[in-house]
Every structure is written in structure tokens, then in C-alpha cells.
Visitor: 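My structure is below; once you've seen it, I'll send some questions.
Quantities reported herein were computed from a predicted structural model and do not represent experimental measurements.
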There are 2 protein chains.
Amino acid sequence: MSRVLVVDDDVQLLRALRISLRAAGHDVVTAPDGTTAVREAAAAHPDVVVLDLGLPDLDGTEVLAGLRPWFTGPVLVLSARADSRDKVAALDAGADDYVTKPFDMAELLARLRAAVRRGSAEPGQAVVVTDSFTVDLAAKQVTVDGVAVRLTPTEWALLSELVRNPGRLVGQRQLLQSVWGPAYERETNYLRVYLAQLRRKLEPDPAHPRYLHTEPGMGYRFTP
Amino acid sequence: MSRVLVVDDDVQLLRALRISLRAAGHDVVTAPDGTTAVREAAAAHPDVVVLDLGLPDLDGTEVLAGLRPWFTGPVLVLSARADSRDKVAALDAGADDYVTKPFDMAELLARLRAAVRRGSAEPGQAVVVTDSFTVDLAAKQVTVDGVAVRLTPTEWALLSELVRNPGRLVGQRQLLQSVWGPAYERETNYLRVYLAQLRRKLEPDPAHPRYLHTEPGMGYRFTP
DNA sequence: GCCGGACGTCAGGATCGCGTCAAGGCACCC
DNA sequence: GGGTGCCTTGACGCGATCCTGACGTCCGGC
């Protein structure tokens, strides 16, 4: 059916999840901590990730941050913490659902079904190529005319959000929210400053952009 | 930001949700029972639905069944029942998330953000095609004879409202309200000006419109 | 034939949004 | 302590966009 990456350090729970998921027809890959989780996600190309927040090495949101730039499938978060602030933080960090332990297995499977059903879109290209530059979402690398270009973290976050929606208009609110957070939805000058920097670094003629277009009053659009 | 249809029979809760959602930048439409919910969903074209399962007239799954054949956006279910069998039933009936009452407002908003974020990643089933132009509602892009045409925010808002109701008459009040807001219901000259601009940009012969028709005294109609 | 209402067209001026630049604050590394 | 990037913030000019009013046209009613 679909491949699931399960990230948890509890061996008992891992076993139970593996059995139930297999019985439901899924292909299961597991990881015991955050670093192997990110590595496995890149290697095994899962369709969906089940992620425990209480990992020994990394914080849950760090794992999410490591996955989200290039992993477009659904991420279902497991956690022992029921505080709504934790839930909000995880959801805004890119999680698609949040289930508190202890949980009912039937419910988890149903939530997984719902997530997969919705996320059944195309897996998403990890490398985006244009005539003048290349963006490797997995490796976080940009090359212009074959030579690597250094981007600051903010520039990268902005570019990847645009590149992940090729041809589509991305609203200013969506950009601001995904790069700076929900509290910065009005700071449209940030977009102007950083779009200018990206154009200066990527566009052949920054004054007349060919790939990073502005739609006045609405947002920006990356056209391959 | 996006339009939310809230379905609940609890007036208190409805009020609280309306206030919080408005504050979060959403456009809010409400319905007190299942039958009006389905009707409102068809009329108002919400981006996401928040649905209480305990409605006076219909069962929650019946409402879901009424929505799902054509409504492709996310549906977030509210319910007082915490039993996992209820959750499984609702999720498998087409719900994207299930929140038990009483709930934390911040968490609900975060789950809504997550649902909308994922729902907007869905590829454009929402493309309307005519012989001379195409409208991609998801990408917010219009092409005439294959070449992209730039629309201003107002033009786009007007066109999308018309295109979302293909073949149907859209009243002047509805257009004015959805584009300019409830305070502009009498300013019918706005419609004349912007319809003219849209025809100039889209119609093969703007003087004799083939797709954007005027119904004198009533409104306008888009015929594919 | 006359008249009123509703629509289409046009142009001009106020306003808004965007690109650009530069300066200040901050963290981090040497 | 000095230096280097990076992020934030403000100011400015310019072009696009929106609103507004005036005028012409069409059509049904009287």
C-alpha cells in the first residue's frame, strides 16, 4: 500500500506499531532516533512518517525542521505531552497531525489513512532545474551556471517555499508564515528585501526577473 | 486568508469560534444544522469546513457524505464523543481531523492551519477551461491562447467568484460582498468597471461577450 | 416619440504596493 | 576587542492600481 517510516525509541511500541502497520498492508521502516530518522527518510523515500517527539538525541521540532524542506508527505507526530502549546508548536513546525500517548491503535491507523488519502499527491521533485540555476531541496544546495551559491538560512527558507510550488502563486501570508512564523504575517517588507537578494543571486538579469515573478498585491510565483 | 464554514448548533461556541477565526484572518460563514451546512458549503465555497458531529437534524457522517462527493477541501470534525470508534468512523467517512470537546482554541487554530496548508498543496483539479481562456484557481493563473495574463487582485477576486459558479447567475450583491465586503453592496458601478476590464483581457470580442454575460438588474453569469 | 433606469466606456487623480538602498543591532568567531 | 555576516527597520521614488465622476448607449414602459 504505502511505505511508513516509524521513528520511536521505545522498542515495545515500535514492535506493536510495526505489526499493526504491516497487518494494515503498509511497508514499514523504523528509526530509533532523530539522526537516523532523517537519514532513513532520505534513503527509503517513505510516503508518510510517524514521529515520536521524545527522542534521545534531537528535539522533535528539530527532526521536523530536518525533514520538511524536502519531504512533502504527511508527518504524524506522537507525543506523551498533552499540553496544547506543544501541539501548536509541532503543528506549526510542519506536522500534519498530533496524537498523544497512550493512543488507540485503531484511531492511529484511521488518522494515518486520512493523512495518506489527502497526501496522495505526487511525491514532489527533490531537484528543480531551470535554464540558469538548479535547486536541490534535499541537499540544500543551489548552483548557478554550475557553480555553487551560498544562501543565508532565511533566503533558503524563502526560496524553497517558492520552488516547492512551481508555477503556483504563493501568497505573501503563506510565505511570511512559513519562513518567519504566524506572528509576522504583515511584514511584507521582509519579502521585498529577501526577494531582491534572491534575484540578485539567481536571476540572470535581476532587474527583469525571469523566474521569481511578483504579482502585485497577491504574492510571488516561481516559474520554471 | 481563507474562508471557513463553521457548522455547530451551540450558539455560544459558534460565537467564540467566529471571533477567534476572524482574529486569525479567516473569512467565516456559519450554519446551525446539517441541511443548511450543505447548502452553505455549495453557496459560499469555503476552503475548509469545521463540522460538529452533534447536530439537531442530521448525523455527522450524513453531512460528511453530503459534502464529500464534490467538496475537496479539508473537513475538521468537532465532537463531544471521545470514543475511538467514533473517531475512526468519522475519519474514514472523509474527515481530515477529529477534535474532542472541550478543546483548546489555540490547538484548533493550529490544526486548521495544518489542514489548510496541506489542502492547498493539492494539485489543481480546480482548472476551468473555455475555448479561448483557462483559469487555474489553485495556481491563481489565467492564460489566453496559451499565454499568461496578469490580473490585478480585484480582477482576480471577481473572476474567481464568477468562475466558481459556472453557468449559474451570481447576484450583484454576492459579487460586491465577496470582493469588496458587505459595506459596498450598492456600488454596482464597481462591477461595471471591472467586468469591462476582465472582458477586455479575456474575451475574444469584448464588445460582444461570449463567456462573461450580463443579466440586467440581476447580476452576471459565466458560461463555459 | 419621450423618458427613466441600467449598463458600458473613458480618463484623471489619490493611493497603494513594490524595488532599492543604507544604517543599526545582534550573534558568532577569531 | 575587533571583525564579519545576517537580520531587521526605515525612508524614498516610481509605477500600477483603485476609485470616482461624467458621458453615451441601449431598452422597456408610458
Side-chain angles (χ1 to χ4, degrees), chain A residues 140 142 148-162 169-222, chain B residues 140 142 148-162 169-173 175-181 183-222:
Chain A
K140 290 199 182 179
V142 180
V149 173
R150 255 189 52 73
L151 294 187
T152 72
T154 310
E155 287 165 4
W156 173 259
L158 188 56
L159 178 64
S160 69
E161 185 71 20
L162 283 169
L169 176 72
V170 186
Q172 341 193 19
R173 299 227 177 97
Q174 184 183 337
L175 285 172
L176 287 164
Q177 182 170 325
S178 80
V179 176
W180 283 273
Y184 292 78
E185 282 186 353
R186 313 266 162 204
E187 309 286 342
T188 57
N189 2 342
Y190 292 9
L191 293 178
R192 295 204 286 273
V193 174
Y194 281 95
L195 254 298
Q197 291 184 9
L198 282 176
R199 285 180 181 138
R200 219 171 299 144
K201 291 188 177 181
L202 303 180
E203 290 275 0
D205 180 8
H208 304 93
R210 224 176 107 189
Y211 306 101
L212 303 171
H213 293 286
T214 302
E215 305 272 345
M218 314 229 284
Y220 293 85
R221 185 198 308 271
F222 165 70
Chain B
K140 288 205 166 109
V142 180
V149 173
R150 267 192 35 74
L151 295 187
T152 71
T154 311
E155 288 164 4
W156 174 259
L158 189 56
L159 178 64
S160 69
E161 188 69 20
L162 283 170
L169 173 70
V170 186
Q172 316 186 338
R173 238 161 296 158
L175 284 171
L176 287 164
Q177 184 168 331
S178 81
V179 176
W180 283 273
Y184 293 77
E185 282 186 354
R186 313 268 163 204
E187 310 286 343
T188 56
N189 23 334
Y190 293 9
L191 294 178
R192 293 203 285 275
V193 173
Y194 282 95
L195 254 299
Q197 291 186 10
L198 282 176
R199 284 176 180 142
R200 217 170 301 143
K201 290 187 178 182
L202 303 180
E203 290 276 2
D205 180 8
H208 304 92
R210 222 175 110 190
Y211 306 101
L212 302 170
H213 295 286
T214 303
E215 306 271 345
M218 311 271 294
Y220 294 84
R221 184 197 308 272
F222 165 70

Visitor: Does some side-chain heavy atom of A:L159 sit less than 4.5 Å from a side-chain heavy atom of A:F222?
Guide: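 In short, these two side chains do not touch, never coming nearer than 4.5 Å.
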Visitor: Pick out which of B:K201, B:E203, B:Q197 makes a side-chain contact (heavy atoms from CB on, under 4.5 Å) with B:R199.
Guide: B:E203
Visitor: Whole Å only: how far is the CG atom of A:L175 from the C1' atom of C:dC18?
Guide: 15 Å
Visitor: Hey, does A:T214 have a side-chain heavy atom less than 4.5 Å from the side chain of A:L195?
Guide: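 A side-chain contact under 4.5 Å is absent here.
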Visitor: D:dC7 C1' sits how many Å from A:L158 CG, rounded?
Guide: 13 Å
Visitor: Starting at OH of A:Y190 and ending at C1' of D:dC6, how long is that distance when rounded to a whole Å?
Guide: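 So the two atoms are 13 Å apart, to the nearest Å.
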Visitor: Would you give the length of the straight line joining atom CG of B:L198 to atom OG1 of B:T152, rounded to the nearest 0.5 angstrom?
Guide: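 The distance works out to 8.0 Å.
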Visitor: Please state whether the phosphate of C:dG17, meaning OP1 or OP2, lies under 4.0 angstrom from any side-chain nitrogen or oxygen of A:R186.
Guide: no
Visitor: Which pair of heavy atoms, one from A:R210 and one from A:H213, lies closest together, and at what distance?
Guide: O-NE2, 2.9 Å
Visitor: Check the phosphate of D:dC6 against A:Y194, side-chain N and O only, distance under 4.0 Å to OP1 or OP2. Yes or no?
Guide: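 Checking A:Y194 against D:dC6: no side-chain N or O falls below 4.0 Å of OP1 or OP2.
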Visitor: Just so I know, are the side chains of B:Y211 and B:L202 near enough to count as touching, which here means a heavy-atom distance under 4.5 Å?
Guide: no
Visitor: Output the rounded distance in Å from CG (B:L176) to P (D:dC19).
Guide: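 To the nearest whole Å, that distance equals 11 Å.
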Visitor: Look at A:W180 and D:dT8 and indicate whether a side-chain polar atom (N or O) is within less than 4.0 Å of OP1 or OP2.
Guide: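 For A:W180, the contact criterion (side-chain N or O under 4.0 Å from OP1 or OP2 of D:dT8) is met.
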Visitor: Please indicate whether B:R173 has more than 12 foreign heavy atoms, meaning atoms of other residues, nucleotides or ligands, lying under 6.0 Å from its CZ.
Guide: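 At most 12 heavy atoms, drawn from other residues, nucleotides or ligands, come within 6.0 Å of this atom.
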Visitor: Below the 4.0 Å mark, does D:dC7 have OP1 or OP2 next to a side-chain nitrogen or oxygen of A:Q197?
Guide: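 The answer is no; no side-chain N or O of A:Q197 sits under 4.0 Å from OP1 or OP2.
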Visitor: With 3.5 Å as the limit, what N/O pairs link the protein to nucleotides 8-15 of chain C?
Guide:
from	atom 1	to	atom 2	distance (Å)
C:dG8	OP1	B:R199	NH1	2.9
C:dG8	OP1	B:T214	OG1	2.7
C:dG8	OP2	B:Y220	OH	3.2
C:dG8	N7	B:R192	NE	3.3

Visitor: Provide, to the nearest angstrom, the distance between the CG atom belonging to A:L151 and the P atom belonging to D:dG5.
Guide: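 In whole Å, D:dG5 P lies 16 Å from A:L151 CG.
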Visitor: Which atoms form the tightest heavy-atom contact between B:P153 and A:P216, and what is the distance?
Guide: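 Smallest interatomic distance, heavy atoms only, reads CG-O, 3.4 Å.
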Visitor: How far apart are the closest heavy atoms of B:V142 and B:W156, and which atoms are they?
Guide: CG2-CZ3, 3.4 Å
Visitor: Whole-Å distance between C:dC18 P and A:E215 CD?
Guide: 11 Å
Visitor: Give A:E155 one of three labels, base, sugar-phosphate or nothing, depending on what nucleic acid heavy atoms sit under 4.0 Å from its own.
Guide: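 It contacts nothing in the nucleic acid.
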Visitor: What I want to find out is whether A:E215 reaches B:K140 closely enough, with some N-O distance under 4.0 Å, to be called a salt bridge.
Guide: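 No salt bridge links A:E215 with B:K140.
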Visitor: For residues B:R221 and B:L169, report the shortest heavy-atom separation together with the two atoms involved.
Guide: NH1-N, 3.5 Å
Visitor: Identify the two heavy atoms, one from A:L158 and one from A:Y194, that lie closest to each other, and give their separation to 0.1 Å.
Guide: CD2-CB, 3.5 Å
Visitor: Round to a whole Å and report the spacing from NE2 of B:H208 to P of D:dT25.
Guide: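 Distance, rounded to whole Å: 15 Å.
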Visitor: Taking only the side-chain nitrogens and oxygens of A:T152, find out if one of them lies under 4.0 Å from OP1 or OP2 of D:dG5.
Guide: no
Visitor: What stems involve DNA chain C, if each pair must be Watson-Crick or G-U and both of its distances must be under 3.5 Å, with 3 or more such pairs in a row?
Guide: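 Stems for DNA chain C, defined as runs of 3 or more consecutive pairs: C:1-30 with D:1-30.
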Visitor: Nearest whole angstrom, please: distance from the C1' of C:dC16 to the CD of A:Q172.
Guide: 12 Å
Visitor: Please produce a list of atom pairs where a protein N or O lies less than 3.5 Å from an N or O of nucleotides 28-30 of chain C.
Guide:
none

